[in-house]
Amino acid sequence: MAQRHSIDEYLETIYFLAFPIGEYSPQSVGSPTLAARVAEMLGVSRASSGEMLKRLEKEGLIRRGEHKEALLTGTGRARAERVVRKHRIVERLLTDFMGYTAAEAHVYADDIGETFSDEMVDRMEEKLGNPDRCPHGWPVDPAFEQAENNELAALAELEPGKRATIVRLAEHDGELLHWFYDEGFVPGTKIELREAQPAAGQFTVKVNGREQAIGEKAAAGLFVKPA
């Protein structure tokens, strides 16, 4: 049975793909449409994604761009930002108070996020001490997130020999997120890009005193602040 996703999950996904630093998107030949990337990230068919995008457009939450891409309207962006903020605060609740790992928190926050009202999230944020970031390094405040985007780049975009600090982890791919934590690619970690072979989708990095080969997907999902 195909997985169904809510309007808020679609808006959250479009939000991540709409800004200069967003979630992972493959850098393969031929740029996929935003609608195709939404379908890929949510694990649904392009037909299902297309139907939901039509619904979002009808409800005034997105509009179509010059190339038929989905763009958030003012109303859609405001709602998406509330969803994103809620998700990140719930993740902190799960890690800080309930003992879940950061990777587990992302999955459970998706499952239970919609059960909390905005007022409940405000109280939750206060009880948590007004955290600045979610466990994966993404700012709770969307305005700060978008301002910080100018200081960051995907690891895959760096020149070999460049050093940087990991600030955020792409989180929509659960398997990749678990891999980041298992391999020590966590926010605050110093990293150096030793070699890049984009055509082969292969990168070599130095992290925690060791050299390691990683794929394009991982290199594109590590958002870093160059030294």
Side-chain angles (χ1 to χ4, degrees), residues 4-25 33-35 37-44 49 52-65 69-96 102 105-154 167-174 177 187 221 223 225:
R4 298 178 63 86
H5 294 277
S6 68
I7 286 178
D8 282 350
E9 287 177 292
Y10 271 87
L11 288 175
E12 183 181 13
T13 302
I14 294 168
Y15 169 88
F16 279 127
L17 291 167
F19 295 100
I21 294 291
E23 283 292 325
Y24 160 73
S25 57
T33 64
L34 185 58
R37 283 185 283 167
V38 169
E40 176 190 5
M41 288 174 64
L42 289 177
V44 300
S49 177
M52 178 58 85
L53 292 177
K54 289 178 183 177
R55 178 179 173 185
L56 296 178
E57 185 176 13
K58 185 177 180 180
E59 295 187 14
L61 298 172
I62 66 169
R63 61 182 177 83
R64 294 306 180 117
E69 70 271 29
L71 305 173
L72 292 168
T73 63
T75 301
R77 175 170 170 173
R79 180 167 170 177
E81 288 179 347
R82 289 197 302 273
V83 173
V84 168
R85 172 176 169 269
K86 178 186 294 187
H87 179 94
R88 294 171 183 172
I89 292 172
V90 171
E91 284 183 323
R92 288 299 300 265
L93 173 73
L94 292 168
T95 56
D96 295 8
H106 175 72
V107 175
Y108 292 127
D110 273 341
D111 292 340
I112 68 175
E114 292 184 20
T115 64
F116 295 104
S117 68
D118 289 342
E119 188 220 0
M120 292 170 72
V121 172
D122 288 341
R123 292 192 178 196
M124 194 184 302
E125 183 177 22
E126 182 179 354
K127 291 293 185 182
L128 286 165
N130 299 304
D132 293 329
R133 297 177 185 270
C134 80
H136 321 299
W138 294 85
V140 170
D141 179 3
F144 179 78
E145 172 192 348
Q146 290 150 30
E148 187 182 62
N149 288 345
N150 297 322
E151 304 174 7
L152 305 182
V167 178
R168 308 177 191 166
L169 309 177
E171 58 181 356
H172 265 76
D173 185 325
L177 187 61
F223 300 107
K225 185 173 183 178

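Without hydrogens or angle criteria, Trp138 side chain to Leu169 main chain gives a donor-acceptor distance under 3.5 Å. Although no hydrogens or angles enter the test, the distance criterion places no donor-acceptor pair under 3.5 Å between the side chain of Glu148 and the main chain of Glu145. Arg88 places no side-chain N or O within donor-acceptor distance of the main-chain N or O of Arg133, the cut-off being under 3.5 Å.
Between the CD1 atom of Ile7 and the CD atom of Glu59 there is a distance of 4.5 Å, given to the nearest 0.5 Å. Of the inter-residue distances, the one linking Glu9 atom CD with His87 atom NE2 reads 10.0 Å to the nearest 0.5 angstrom. Here His172 contributes atom NE2 and His106 contributes atom NE2; the two are 5.5 Å apart, rounded to the nearest 0.5 Å. One distance of note links CG of Leu93 with OG1 of Thr95; it measures 8.0 Å at 0.5 Å rounding. Distance check, rounded to the nearest 0.5 Å: CZ of Arg82 to CG of Asp118 gives 6.0 Å. Taking CD from Glu171 and CG from Asp110, the interatomic distance works out to 8.0 Å, rounded to the nearest 0.5 Å.
With contacts defined as side-chain heavy-atom distances shorter than 4.5 Å, the pair Leu94/Val90 qualifies. With a 4.5 Å cut-off on side-chain heavy atoms, Met52 and Val44 do not count as touching. Residues Leu53 and Ile14 are in side-chain contact: their nearest non-hydrogen atoms beyond the backbone lie under 4.5 Å apart. Proximity of Arg92 to Val140: side-chain heavy atoms (C-beta onward) are nowhere separated by under 4.5 Å. Residues Arg168 and Pro187 fail the side-chain proximity criterion, which asks for heavy atoms closer than 4.5 Å. Residues Thr13 and Phe16 have side chains not in contact (no heavy-atom distance under 4.5 Å, counting atoms from C-beta outward).
The two residues Ala154 and Phe223 have their closest heavy-atom pair at CA-CD2, 4.1 Å. The minimum heavy-atom distance linking Leu128 with Ile89 is given by the pair CD1-O, 3.6 Å. Pairing each heavy atom of Glu91 with each of Cys134, the nearest pair is OE1-CB, 3.3 Å. Across every non-hydrogen atom of Tyr10 and Ser49, the tightest pair is OH-CA, 3.7 Å. Nearest heavy-atom pair, Phe116 versus Lys86, reported as atom, atom and distance to 0.1 Å: O-NZ, 2.6 Å. Residue Gly60 comes nearest to Thr75 through the heavy atom pair O-CB, 4.2 Å, listed as atom of the first residue, atom of the second, then distance.
Around the CZ atom of Arg64, the shell of radius 6.0 Å holds more than 12 heavy atoms that belong to other residues, nucleotides or ligands.
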* Asked: Going through the distances and angles, do Val167 and Leu152 end up as a side chain to side chain contact (heavy atoms under 4.5 Å, CB included)?
  -> CA-CA 8 Å; Val167 178; Leu152 305 182; 3.8 Å; yes

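Salt-bridge formation is not detected for the pair Glu81/Arg85: no Lys NZ or Arg NE/NH1/NH2 atom is positioned less than 4.0 Å from an Asp or Glu carboxylate oxygen.
Arg77 pairs in a side chain to side chain contact (heavy atoms under 4.5 Å, CB included) with only one of the listed residues (Leu71, Ile62, Leu72), which is Leu72.
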